[in-house]
Enquirer: 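The structure that follows is given in the form of structure tokens.
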Amino acid sequence: MESNYLDELNERQREAVLYNDGPSLVIAGAGSGKTRVLTYKIAYLLAQGYDPWNILALTFTNKAAREMKERIARQVGERARYLWMGTFHSIFSRILRTESQPIGFSPNFTIYDSADSKSLLKSIIKEMQLDDKVYKPGMVQSRISQAKNRLILPDAYASDGSIYRSDVEAKVPAMRDIYRRYWERCRQSDAMDFDDLLVYTYILFKSYPDICQKYAGQFHYVLVDEYQDTNYAQHSIVLQLTSERRRVCVVGDDAQSIYSFRGANIDNILKFTQLYKDARLFKLEQNYRSTQTIVCAANSLIAKNSEQIRKEVFSEKSVGEPIQVFNAYSDVEEGDIVANKIAQLRRKEGYAYSDMAVLYRTNAQSRIFEEALRKRALPYKIYGGLSFYQRKEIKDVISYFRLAVNPNDEEAFKRVLNYPARGIGDTTLNKLIDAANQNNVSLWKVLSEPLAFGLSINKGTHAKLQGFRELIEGFIQNAHEKDAYELGGLIVRQSGIMNEIYQDRTPENLSRQENIEELINGMHDFCATRQEEGNEHVMLTDYLSEVSLLTDQDSDKEGDAEKITLMTIHSAKGLEFKNVFVVGLEENLFPSSLSMNSYRELEEERRLFYVAITRAEEHCYLSFAKSRFKYGKMEFSNPSRFLKDIDVRYLSVPQAVSSSSPQVNTMPERPKMVVCQPVVARKFTKVSTVASRPAISTASVNGLQVGQVIEHERFGIGEVLKVDGAGDNCKATVKFRHAGEKQLLLKFARFKVIG
DNA sequence: CCGATACGCATTTTT
DNA sequence: TGCGTATCGG
């Protein structure tokens, strides 16, 4: 049994798995079987007599944790269930909920997502009467996040001269005050943001050595995946937990460090070896994923970076074909080339759609490829965009849940105080906030004892506020008695959200209803699973603590089986596809003055490109467009400088891209489109309307009727469900075969009626 | 307090 | 260009 899986490893991998006498660092090149090493190592530890609850394995995504757990379960069965395996954030939140008391939180503390913390910062900036044009909430948020990632607390932040100087230089001297206020407000609300989960874990272990001892004692072996993506806070906690026992293995690849903007620090890998001087270093250099050409091309690119741990990744797979570079004239043509190539790969070489991925730098770049694929009726799925849990109706419902568990939660409170509308407006809310700030208490406390906190409001408002208080109090009562699923349904009904949304059946409302139903169904599944695992009562708080750390990257939606994947390079990390298209490789994708100013960023950009290429198993295609529309204007650009960093021997280039790229200084002549005939679109200019009845007059050439089938230039073929509005505001709701339901503003829509 | 219009701002983002 | 937020008027 034991030798059986060790045989499946190469020599390097086996060494890394078997060495467990002290700290170790595994540098795992792209596609070198990193996850395999981690899973086998854990299986090996279990076989060696470690108990699963004594092993802590930290990952960055829920998905990675889940996959690894499944793979281990295949090796060792039931015991895998008792491993401490999860994301940094989920493991630490679990610890923090158990140990919440000493750091002054309740076990039910709320986790603010970034929208919550941004909204809190916004109101703090407003209250401090600072200009939000200067103190941009997003910027303030990222500065605070950076500080937290470096474990700099408000006091240290305020007293640090160099930080203050840099804030003054950035014209934001009040940063330290905002930070302190933000920090206090979160505590007031019994809430932590994502960074706090790390910060407070660190504080907890630092201030209470006995608690640190408890966990350091429990975790006989600690493993960390994707170590190159850890920030200083995560790195420090790993040290707190392992410095005594020194049984720790971190796995990562410095060449794939692409999250520095989130505080990830490539130096952590180097720091690790400095702090654990005796750490054994293992390098996994055999790539099992890609052809030799792809591996060599990727190597030649990354060799240009100066900050790296030297390694020579190699492949013993076939040589493979050169990486093909597509040199398109326009963005539309780029889309056409890619879509045609995909169709060809499927037709001539028998690849499945799920074997192909289109990777781009930013989500905004997806559109042109969507259109090209849709035009050819090629099925695709697109990652990114608004997550399920970010949708308005879901956030509303969850806010009620959050209040039921923690009424001090300020962001949830503000969100639903007047949703559904109950006549409590901004004026009243501001009075509440003022009173709360005056007395350093939460909004809920003010609401509970308005007189004690000197809230001056009229009788009607008072009654409305008390109505809201009673509503929430009822939920709190029920939260102790009912299980999550039951309570969820009750809250959706009693809060009035149901009424609000089931009022009319506009398409938006319909989809909201579906979303809320999906959420409630999800709660049902959650309760059922937990009950199977032996938990008798699954409380709302259990559900919330899980759901607030969930992103919908985690849930694979139905029907993703046979589809082309469109996603950003960042979210493609850890995945692999037979054929990969790396698109939109222009030089001036971003204004170079804003970003790309430091050498480090340049190197990271190269690593990003490296990650993109190494997703490919068999074919890799690179493409760029010399001209594209950006913000409605035509823009011209040269191919990315990083293209030139790849050794030409591995490229198949239509023109001289690699050695001397064509300089585009003048308008290039646009060639005739040969690849694809554009859909003939007729522009709607005038729409005649019948007064008072929101419909377009019939029969005229420009008229659009319910039931008609149209072909839209971007969305393809669809059926008209509804037409309303007048004049320039005339809108049509159309259900498209591939794009779903869309609202079209007829003034701008370009389509033709085909039936 | 809600709707309609006006303005301004556009990276990547595992948690 | 196209969306998300700010502001004004009913």
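So that the names make sense, note that chain A is the first sequence line, chain B the second, and so on, each numbered from 1.
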Enquirer: Measure from CD on A:Q141 to C1' on B:dT15 and round the result to the nearest Å.
Expert: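 Checked: the CD to C1' distance equals 13 Å.
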Enquirer: Looking only at atom types and distance, does a side-chain atom of A:S545 sit under 3.5 Å from a main-chain N or O of A:T541, one as donor and one as acceptor?
Expert: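 Between the backbone of A:T541 and the side chain of A:S545 there is a qualifying donor-acceptor contact (under 3.5 Å).
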Enquirer: Remember a base hit wins even if backbone is also touched, and classify A:Y259 as base, sugar-phosphate or nothing at under 4.0 Å, heavy atoms.
Expert: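 Contact class for A:Y259: base.
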Enquirer: Within the 4.0 Å heavy-atom criterion, would you say A:A64 contacts the bases, only the backbone, or no part of the nucleic acid?
Expert: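 Nothing, no nucleic acid heavy atom in range.
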Enquirer: Describe the nucleic acid contact of A:D195 in one word from base, sugar-phosphate, nothing, applying a heavy-atom distance below 4.0 Å.
Expert: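 Nothing, no heavy atom under 4.0 Å.
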Enquirer: Are B:dT12 and A:F261 stacked, with the base six-membered ring and the side-chain ring centres under 5.5 Å apart and planes under 30°?
Expert: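 Answer is yes, a stack.
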Enquirer: Where the side chain of A:T362 is concerned, which of B:dT12, B:dT15, B:dT13 is the nearest nucleotide?
Expert: B:dT12
Enquirer: Measure from the side chain of A:D229, starting at C-beta and using heavy atoms only, and say which of B:dT14, B:dT11, B:dT15 lies closest.
Expert: B:dT14
Enquirer: Give me syn or anti for B:dT12, where syn covers glycosidic angles within 90 degrees of 0.
Expert: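 Base orientation relative to the sugar is anti.
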Enquirer: Using a cut-off of less than 4.0 Å, is there contact between a side-chain N or O of A:T568 and OP1 or OP2 of B:dT13?
Expert: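 Yes, because at least one side-chain N or O of A:T568 sits under 4.0 Å from OP1 or OP2 of B:dT13.
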Enquirer: Is a donor on one side and an acceptor on the other found under 3.5 Å between the side chain of A:R628 and the backbone of A:M634?
Expert: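 Not a single qualifying donor-acceptor pair exists.
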Enquirer: Pick the nucleotide of DNA chain B nearest each of A:F194 and A:I258; which residue has the one closer to the 5' end?
Expert: A:I258
Enquirer: Here's a test of your reading of the structure: between A:Y631 and A:T428, which maps to the more 5' nucleotide of DNA chain B?
Expert: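 The residue closer to the strand's 5' end, by nearest nucleotide, is A:T428.
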Enquirer: In terms of side-chain heavy atoms of A:R367, which of C:dG2, B:dC2, B:dT14 is nearest?
Expert: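 Of the candidates, C:dG2 comes closest.
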Enquirer: Please give the distance between the P atoms of C:dT5 and B:dT12 as a whole number of Å.
Expert: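 Roughly 16 Å separates the two P atoms.
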Enquirer: In whole angstroms, how far is the P atom of B:dT14 from the CE atom of A:M567?
Expert: 12 Å
Enquirer: Round to the nearest Å and state the distance from A:Q234 atom CD to B:dT15 atom P.
Expert: 12 Å
Enquirer: B:dT15 phosphate, OP1 or OP2: any side-chain N/O from A:N62 under 4.0 angstrom?
Expert: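 Yes, such a contact exists.
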Enquirer: Could I get the full list of salt bridge (Lys or Arg N to Asp or Glu O under 4.0 Å) partners for A:R606, not counting sequence neighbours?
Expert: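 With sequence neighbours excluded, A:R606 shows a salt bridge (Lys or Arg N to Asp or Glu O under 4.0 Å) to A:D645, given in chain and number order.
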Enquirer: Would you kindly give the CG-to-P distance between A:D193 and B:dT15, to the nearest whole Å?
Expert: 15 Å
Enquirer: As a test of reading the structure: which of B:dT13, B:dT15, B:dT14 is closest to the side chain of A:H570, going by heavy atoms?
Expert: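 Per side-chain heavy atoms of A:H570, the pick is B:dT13.
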Enquirer: Less than 6.0 angstrom from the centroid, inside 45 degrees of the normal: does A:K573 satisfy that with respect to the ring of A:Y259?
Expert: no
Enquirer: Looking at B:dC9, B:dT12, B:dT15, which one has an atom nearest to any side-chain atom of A:K133?
Expert: B:dC9
Enquirer: Compute both the distance and the angle, then confirm whether A:R422 meets the cation-pi test with A:F468: under 6.0 Å from the six-membered ring centre, within 45 degrees of the axis.
Expert: no
Enquirer: In this structure, how many angstroms lie between the C1' atom of B:dT11 and the CD atom of A:E604, rounded?
Expert: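 Result: 12 Å.
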Enquirer: Does A:N231 have a side-chain nitrogen or oxygen under 4.0 Å from the phosphate oxygens OP1 or OP2 of B:dT15?
Expert: no
Enquirer: Whole-Å distance between B:dC9 P and A:M139 CE?
Expert: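 Those two atoms, CE and P, are 13 Å apart.
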Enquirer: Out of B:dT13, B:dC2, B:dT14, which nucleotide sits closest to the side chain of A:N418?
Expert: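 Taking heavy atoms from C-beta onward, the closest nucleotide is B:dC2.
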Enquirer: Expressed in angstrom and rounded to an integer, what is the separation of A:H89 atom NE2 from B:dT13 atom C1'?
Expert: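 That distance rounds to 12 Å.
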Enquirer: In whole angstrom, what separates A:E586's CD from B:dT11's P?
Expert: 16 Å
Enquirer: Over all strands shown, is A:D426 touching base, sugar-phosphate only, or nothing at heavy-atom distances under 4.0 angstrom?
Expert: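 Sugar-phosphate, backbone atoms only, no base.
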Enquirer: Restricting to ring pair (Phe, Tyr, Trp, His ring centres under 6.0 Å), what partner residues turn up for A:Y135, sequence neighbours left out?
Expert: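 In terms of ring pair (Phe, Tyr, Trp, His ring centres under 6.0 Å), with neighbours along the sequence ignored, A:Y135 is linked to no residue.
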